[in-house]
**Student:** 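Please find one structure pasted underneath; my questions will follow.
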Amino acid sequence: MSERYDAQAVEAKWQAAWEDAGLFRAERSDGRPSYYVLEMFPYPSGRIHMGHVRNYTMGDVVARYKRARGFDVLHPMGWDAFGLPAENAAFERGVHPAEWTYANIATMRGQLQSMGLSIDWEREFATCHPGYYEHQQALFLDFFEAGLVERKEAWVNWDPVDGTVLANEQVVDGRGWRSGALIEKRRLAQWFFRITRFADELLEALEALPRWPDKVRLMQRNWIGRSEGAHALFPIEGRGEALEVFTTRPDTLFGASFCALSPNHPLATSLAESDSALAAFIAECNLAGVGERDIEAAGKRGYDTGVRVRHPFDADRTLPLYVANFVLMDYGTGAIFGCPAHDQRDLEFARSQGLPVIPVVCPPGEDAGAVEIGAEAYVGDGTAINSGFLDGLSVAEAKARAIAALAERDAGGAAVSYRLRDWLISRQRYWGCPIPMVHCSSCGVVPVPREALPVRLPEDVTFDAPGNPLDRHAGWKHTACPRCGGPGERDTDTMDTFVDSSWYFARFCAARADVPLPESDVAPWLPVDQYIGGIEHAVLHLLYSRFFTKALKRCGYLDIEEPFAGLFTQGMVCHETYRDADGRWYYPDEIETRAGNLVTREDGRPIAIGRSEAMSKSKRNTVDPEAIIEAYGADTARLFMLSDSPPERDLEWTDTGVKGAWRYVAALWRLVTSPPVPLAPCGAAVPGHDSLATSLRGLRRTIHKTIAGVTEDLERFHFNRAVARVRELTNALSAIEASLGAGHVMREGLETATRLLGPVVPHLAEEAWRRLGHDSWLAREPWPEPDPALLVDDIVIVAVQVDGKKRATISLPAGHGKAEAESAAMADGGVRRALAGRDVRKVIVVPGRIVNVVT
RNA sequence: GCGGGCGUGGCGGAAUUUGGUAGACGCGCGUGGUUUAGGACCACGUGGCUAAGGCCGUGGGGGUUCGAGUCCCUUCGCCCGCACCA
């Protein structure tokens, strides 16, 4: 009689035992090669969700697998603990952000530990701990000294709901990424990290990241948005200055019919001082929102300033200067020249303003005299026309010639522009890392001396009013200027929390060090060998971390180019959605099936099933991992996470799928505890392979092919296939036939399955390993090696096609020749029938694969 | 608009790296068994059509090839990222 597998008891037992034995401490004390696997650390929101379970399961499989492959593995965990939700909780419930955060961390740590993750918990830290953020403040000062931090006044994105500014990356469709509020443009003095100084490096280094998904590299490339072109100066009539524009089409300069400024361009501001209509137009543009879609709806609008600018190539020619709503202040120079014939936007603007359209590129094969521009600008290649000294040149040639001409005339020259902007890190919030700067009326901005770090967050703050509590805390805010000793004010802003997560991966190498990143601890581990997390961080977090790595290198902390040598982006965990007739959402555990219909448990209201979407609280389609772990155990949850769906794709959470995973856990335990044939003693060698019955020899080949296949699958992140392969193996083992040596083969098979599943279902595997008679830690056992001799079959099944259609299969000895395969195929009854006496023109033989008889 | 990805049984997906027996593994479903009962367990079956021999099948159409889910062209559908970036 087989015993029932008690997952809860087994899992608790081994979790405690692993912890006591310190099995997962990263040592760096022996000669083993290092391997650093890291999953994106969680925000302590309260409880873990299924996305965490999926992420950390994958990371744990890699960690356990690499450990078995002989690596000294670093697999740490920590908390991305600063951020707005803690302040919201404080505001709503009167609990201090620190208290709320640390309580959540305690809960979530327990939940993660119940998953049986092989984590070195001794390295755990939270970014809200002064022991972390004091070093971040030191890094800020280092960056400041290195010229990588800058305070400047800029048009910034103001989120009126969160009451703070946001980085460009945090504005999505003109709205705040957290609040969803329409973003306003405000001009404020703020701190920036000068990420644009690394724009080219960040772009070029993408090529050197072969183990990153193409998609992420492409997204970053687009985000950096490098454009090559030219700067051109248009002298302004009646002023002793020139208007500088950026263009990627200097070849079309002769087609210019106007210039236009962004509403926020300094010249526009200055002109508006003496032109109230212009001032009103600018105000209107800023009011209409900055969402590009809003402008799209409003159409292209402009205001003729009356000012004229001179053409750089033709001093006799002047152009009108407009302020236009479609010109962006934060790209290029905030000013453009318009060539309507060869730019769609300029064409639309020119048509609405009645400006001339001068074709200067003749499409191939067209008559230069007859080029007409209708509703569509011509943006293709061609030959320059109406363009003076450029006439006759191709677009590429004309660009080069025009750039040279601009330079000759001191009217501009080659220029590169980026979409990427500097990273605005000031946040008008309490729960973040204080910026270690003091504002002094006589000394200006003064850094806090290093010996005075950390600048601690004061604990006695109030959240009963909107705005930044630090700004209201007089005792904290007012301090002596470190330079002159006079009255000073602390910078009351805190750093964007993306700063915290831009270097935590390095800090894990020396989590308790009293300097930020001691080289002797950090260098052996970095870069991270395998980083795993969600695709939603493709630009923000991953770009910032890359910038930090380059900045840290410049400051002498690191000697690596890139933080993450390998990156894997996992898919989301999805679930069906449930709504009633009023459109209210219901959690899966709030509904049930009655008489074949889906209804609410509580009052039987009919429920409609909606499409499967990423689990979210707003759609109420979440399943609590803790409930699953309590009901089935962590191994079942882990197994389900890795089965069926490829890890980079979205995973559909289903009850039946979880039950299927549980069935397999129970079935594997049954197979170990009551195998179909009595097991040979532990440690007994398999008898001579040739002495075994045919079916046992085949089974042994299956065992060794499974080792090879699973190994390759794990290396390539094909977890779903790895699981399927082991299931195939255990299916084959269940069907074993009793004969001489069967007990040995059964043991070999069970031990192999146990080892191969160790990374996936570690508790079950550890328990099974002991049940099989071992007294070693499975978690410390080396990975099995396949016997190369057993990876090849001695008999192969070869398909035989007639004219490309399969008509038969034949058995042939491995290593058979072409002639042997051909004669066996021609002798086959099915083949002869299909041929029906027709003449054979050709026979193609791929030994071991296929025979194709062509008539 | 620009860029990228994906279309395979009732469902999730294998096979695409290297063109060579399509549908591994699982879910669901069906039949039978077992059990006091079970949403448990066991066995067998399960792409479609066909009485059979067989025919048809990887979104549609075309091409290359002895042979195409895999390569090429074209078309349709869905998803994702960016979006007046000059």
Side-chain angles (χ1 to χ4, degrees), chain A residues 2 4 172-173 213-223 225-227 229-230 245-249 252 260 262 291-293 295-296 299-300 324-328 330-339 342-346 348-349 417-421 535-536 538-539 593 612 639-640 643-646 648-652 654-664 666-667 670 709 712 716 718 720-731 734 797-810 833-834 841-846 848-855:
Chain A
S2 63
R4 191 181 160 80
V172 181
D173 293 342
D214 290 343
K215 181 187 170 93
V216 174
R217 292 190 299 175
L218 184 69
M219 283 168 72
Q220 294 214 351
R221 196 171 299 131
N222 291 340
W223 192 266
R226 185 179 199 274
S227 297
V245 305
F246 173 76
T247 178
T248 56
R249 292 298 301 273
T252 64
S262 162
E292 281 73 11
R293 247 158 279 216
I295 297 173
E296 185 86 64
K300 289 185 176 51
N325 65 343
F326 68 95
V327 182
L328 306 174
D330 43 12
Y331 184 77
T333 63
I336 61 158
F337 86 83
C339 174
H342 305 293
D343 183 287
Q344 190 60 30
R345 296 156 302 178
D346 295 347
E348 285 167 31
F349 187 74
S417 195
Y418 298 90
R419 214 188 78 104
L420 183 70
R421 323 280 154 69
I535 186 79
E536 67 273 19
V539 176
T593 307
S612 180
L639 179 64
F640 175 72
S643 305
D644 299 346
S645 290
E648 69 279 8
R649 248 188 262 180
D650 286 353
L651 169 98
E652 170 77 8
T654 61
D655 272 357
T656 50
V658 178
K659 285 186 178 132
W662 162 251
R663 265 204 293 278
Y664 184 66
R670 258 197 321 277
E712 197 188 327
R716 294 165 64 177
H718 293 166
N720 53 324
R721 287 203 293 188
V723 169
R725 271 188 221 272
V726 182
R727 293 182 87 131
E728 272 184 282
L729 171 60
T730 51
N731 287 348
S734 311
I797 309 290
V798 173
V800 184
Q801 298 179 334
V802 175
D803 293 330
K805 285 181 194 279
K806 188 179 89 169
R807 296 298 177 185
T809 55
I810 54 178
R833 204 174 329 119
R841 282 199 298 140
K842 187 155 61 153
V843 179
I844 286 136
V845 180
V846 181
R849 282 263 149 114
I850 207 155
V851 177
N852 192 5
V853 182
V854 186
T855 64

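To find a chain, count down the sequence lines: A is the first, B the second, and so on, and within it residues start at 1.
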**Student:** For the backbone of A:Thr855 and the side chain of A:Asp803, can you confirm whether one donor and one acceptor N or O come within less than 3.5 Å of each other?
**Tutor:** yes
**Student:** Any side-chain N or O of A:Arg833 below 4.0 angstrom from OP1/OP2 of B:G54?
**Tutor:** yes
**Student:** Report which part of the nucleic acid A:Asn731 touches: base, sugar-phosphate, or nothing (heavy-atom distance under 4.0 Å, all strands).
**Tutor:** sugar-phosphate
**Student:** Taking the P atom in each of B:G69 and B:U64, what is the distance between them to the nearest angstrom?
**Tutor:** 16 Å
**Student:** side-chain contact (heavy atoms from CB on, under 4.5 Å) with A:Leu218: which of A:Asn222, A:Asp214, A:Val216?
**Tutor:** A:Asn222
**Student:** Give the minimum heavy-atom separation between A:Ala260 and A:Val327, together with the two atoms involved.
**Tutor:** CB-CG2, 4.0 Å
**Student:** Hey, is the side chain of A:Ser417 poking within less than 4.0 Å of OP1 or OP2 on B:A86, counting only N and O atoms?
**Tutor:** no
**Student:** With heavy atoms under 4.0 Å as the rule, sort A:Asn720 into base, sugar-phosphate or nothing.
**Tutor:** sugar-phosphate
**Student:** State whether the side chain of A:Arg421 and the backbone N or O of A:Asp330 hold a donor-acceptor pair below 3.5 Å, judged by distance alone.
**Tutor:** yes
**Student:** Using atom C1' of each nucleotide, how far apart are B:U58 and B:G23 to the nearest Å?
**Tutor:** 9 Å
**Student:** Taking any heavy-atom pair under 4.0 Å as a contact, classify A:Arg841: base, sugar-phosphate, or nothing.
**Tutor:** nothing
**Student:** Using a cut-off of 4.0 Å on non-hydrogen atoms, how would the nucleic acid contact of A:Arg649 be classed: base, sugar-phosphate, or nothing?
**Tutor:** sugar-phosphate
**Student:** So what does A:Ile797 touch, heavy atoms closer than 4.0 Å: a base, only the sugar-phosphate, or nothing?
**Tutor:** base
